[in-house]
Undergrad: 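A single structure is presented below for examination.
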Amino acid sequence: SNSLIIANEVSSKRIGALFENVRRWGCHNTIITQHNPRTFTNFPETFDIVVVDAPCSSEGQFRKDPKIMKKWTPSLPAYYSKEQRTILDCSVLSLKTGGFLIYSTCTYEPAENHRNVEYLIEKYDMEPVSIKVPQEWGIEVLSDSGAFIFYPHKVKGEGFFLALLRKTKSVDLKKHRVYMRGNSVFVPPSPSFLRRTEEFVLYQDDIEIVEWRHTNQEITIIPGHFLSLPLLQHIKILYCGFPFAIRKQSDYILASDLPFSWHFNSEHLKKEEIIDYRTFLPLPLKNYSINEIDSVIVLRGFPLILKNA
């Protein structure tokens, strides 16, 4: 895809799960950050779509986790509503005019759901977007509000709220701007590295292999046009593109997540054949020729491990 996804997670406890999910999808067009939402007011009218999965009183999770029910108090909805509006303010500022805002919570509280939608409409003239859904899905549709409620006794899953709105006009940003510096430098890998690895990658669309210099030196797969985006120079990146190889002493080793990349050569084998393989990662590039590691084993469309030729 030519799209860029910025996945921002404030919570240190949750960011590990975000890392794992992005890697398993094999996406090369995703960047993970850990910023206060106010950071993104530095990038006005930037994003085509903003998804806000907001912190909330979590009433929709009561059935799954009784501990959440015990922690609930009558004051929680008002507390979270204030925090949610701060996040929504920042999100609207960074959203392009004509772009879409998807707002979700895992609660049923009107103060955290419907009232916040009304707040966006009144303050920013946001436009609710209605979507028709089959009645048999069991989703409760709120008329003309672009909002849906998912009750756990009517749908497969836990309870949550979802709203879709469109930004209809630009917003004054002067009082919201805060300058930031990024933490990443992207440079071309050495020609010798590219020669050793060129057959590992399926060059499709506009992908580039670059050396990402941050805490550790890493070779990553990333859409080429991302490198010219001013955005990358002003955010602190925790994860970028898809890891290809990692610096270890004087050489690189193949990243252990490499088989999950959309751009790695693959072949389909039977389940019985996969069970017989005993391949361990990471593999030092200097110890293997291109022909010795030329494919990845895939089961039911999901990559599993590297296969030696």
Side-chain angles (χ1 to χ4, degrees), residues 1 3 5-10 14 17-18 21 25 37 40 45-66 68-69 71-171:
S1 172
S3 300
I5 299 172
I6 304 290
N8 186 67
E9 175 57 69
V10 176
R14 293 164 58 95
L18 178 58
N21 288 333
W25 276 106
F40 293 95
E45 299 276 335
T46 296
F47 299 103
D48 298 291
I49 300 173
V50 174
V51 180
V52 176
D53 185 17
C56 67
S57 56
S58 303
E59 293 174 354
Q61 304 296 309
F62 284 178
R63 184 177 68 168
K64 183 176 73 172
D65 189 351
I68 296 177
M69 186 185 301
K71 292 179 180 179
W72 188 93
T73 66
S75 63
L76 279 182
Y79 167 81
Y80 279 113
S81 178
K82 183 178 180 180
E83 186 174 352
Q84 290 156 357
R85 291 189 181 190
T86 299
I87 297 171
L88 289 170
D89 284 336
C90 299
S91 301
V92 172
L93 295 174
S94 63
L95 181 64
K96 287 181 180 178
T97 300
F100 294 94
L101 173 67
I102 300 171
Y103 173 61
S104 69
T105 71
C106 57
T107 192
Y108 312 121
E109 285 290 338
E112 300 177 69
N113 297 338
H114 316 68
R115 300 294 176 264
N116 282 342
V117 172
E118 293 171 358
Y119 167 80
L120 290 170
I121 295 171
E122 292 172 7
K123 184 172 182 178
Y124 298 111
D125 202 21
M126 298 285 283
E127 178 184 60
V129 179
S130 298
I131 299 177
K132 292 183 179 180
V133 295
Q135 188 174 1
E136 58 268 24
W137 287 7
I139 301 170
E140 183 170 321
V141 182
L142 304 181
S143 301
D144 302 322
S145 65
F148 309 86
I149 299 181
F150 299 71
Y151 290 111
H153 64 289
K154 293 183 177 181
V155 301
K156 294 181 179 180
E158 304 307 317
F160 65 99
F161 170 88
L162 181 71
L164 175 63
L165 301 104
R166 189 176 70 89
K167 183 176 177 179
T168 60
K169 63 182 182 181
S170 60
V171 180

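As a basis for the values below, the full set of heavy atoms in this structure was taken, side chains included, without hydrogen atoms, waters or symmetry mates. Note that the coordinates shown come from a computational prediction; the quantities given were computed from them, not determined experimentally.
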Undergrad: Applying side chain to side chain contact (heavy atoms under 4.5 Å, CB included), name anything that partners Asp89, two or more places apart in sequence or on another chain.
TA: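 Once residues adjacent in sequence are excluded, the partners of Asp89 under the side chain to side chain contact (heavy atoms under 4.5 Å, CB included) criterion are Tyr119, Lys123, Tyr124.
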Undergrad: Which residues pass the side chain to side chain donor-acceptor pair (under 3.5 Å) test with Asp65, sequence neighbours left out?
TA: none
Undergrad: Side chain to side chain donor-acceptor pair (under 3.5 Å) with Trp137: which residues, sequence neighbours excluded?
TA: none
Undergrad: Look up atom CG in Asn116 and atom CG in Leu165, then write down how far apart they are to the nearest 0.5 Å.
TA: 10.5 Å
Undergrad: Hey, what do you get for CZ (Phe40) to CG (Leu93), rounding to the nearest 0.5 Å?
TA: 13.0 Å
Undergrad: Which pairs count as ring-ring contact (aromatic ring centres under 6.0 Å, His included) when at least one residue sits in residues 91-110, sequence neighbours excluded?
TA: Tyr108-Tyr151
Undergrad: Could you list the residues that satisfy side chain to side chain contact (heavy atoms under 4.5 Å, CB included) with Lys71, not counting sequence neighbours?
TA: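 If we apply the side chain to side chain contact (heavy atoms under 4.5 Å, CB included) test to Lys71, skipping adjacent residues, there are no hits.
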Undergrad: Please report the interatomic distance CZ(Arg166) to CG(Leu95), rounded to the nearest 0.5 Å.
TA: 10.5 Å
Undergrad: With sequence neighbours left out, what residues match Ser91 under side chain to side chain contact (heavy atoms under 4.5 Å, CB included)?
TA: Val50, Val52, Ile87, Leu101
Undergrad: Which residue pairs pass the side chain to side chain donor-acceptor pair (under 3.5 Å) test when at least one of the two sits in residues 50-61, sequence neighbours left out?
TA: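 Pairs touching residues 50-61 that pass the test: Asp53-Ser104, Ser57-Thr107, Ser57-Glu112, Glu59-Trp72, Glu59-Thr107, Gln61-Lys64.
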Undergrad: Enter the distance from Leu142:CG to Ile149:CD1 here, rounded to the nearest 0.5 Å.
TA: 4.5 Å
Undergrad: How would you list, by chain and number, every residue that makes a salt bridge (charged side-chain N to carboxylate O under 4.0 Å, His left out) with Glu118, sequence neighbours excluded?
TA: Arg115
Undergrad: Does Gln84 use its side chain to pair, donor to acceptor, with the backbone of Pro55 at less than 3.5 Å?
TA: yes
Undergrad: Return the CG to OG1 distance between Asn113 and Thr105, rounded to the nearest 0.5 Å.
TA: 3.5 Å
Undergrad: Looking at residues at least two apart in the chain, or sitting in another chain, which of them share a side chain to side chain donor-acceptor pair (under 3.5 Å) with Arg63?
TA: none
Undergrad: Got a sec, which residues hit ring-ring contact (aromatic ring centres under 6.0 Å, His included) with Phe150, two or more places apart in sequence or on another chain?
TA: Phe160
Undergrad: Checking Glu109 now: which residues fulfil side chain to side chain donor-acceptor pair (under 3.5 Å) with it, not counting sequence neighbours?
TA: none
Undergrad: Restricting to pairs with a member in residues 72-84, which pass salt bridge (charged side-chain N to carboxylate O under 4.0 Å, His left out), not counting sequence neighbours?
TA: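 Checked against salt bridge (charged side-chain N to carboxylate O under 4.0 Å, His left out) - neighbours excluded - no pair reaches residues 72-84.
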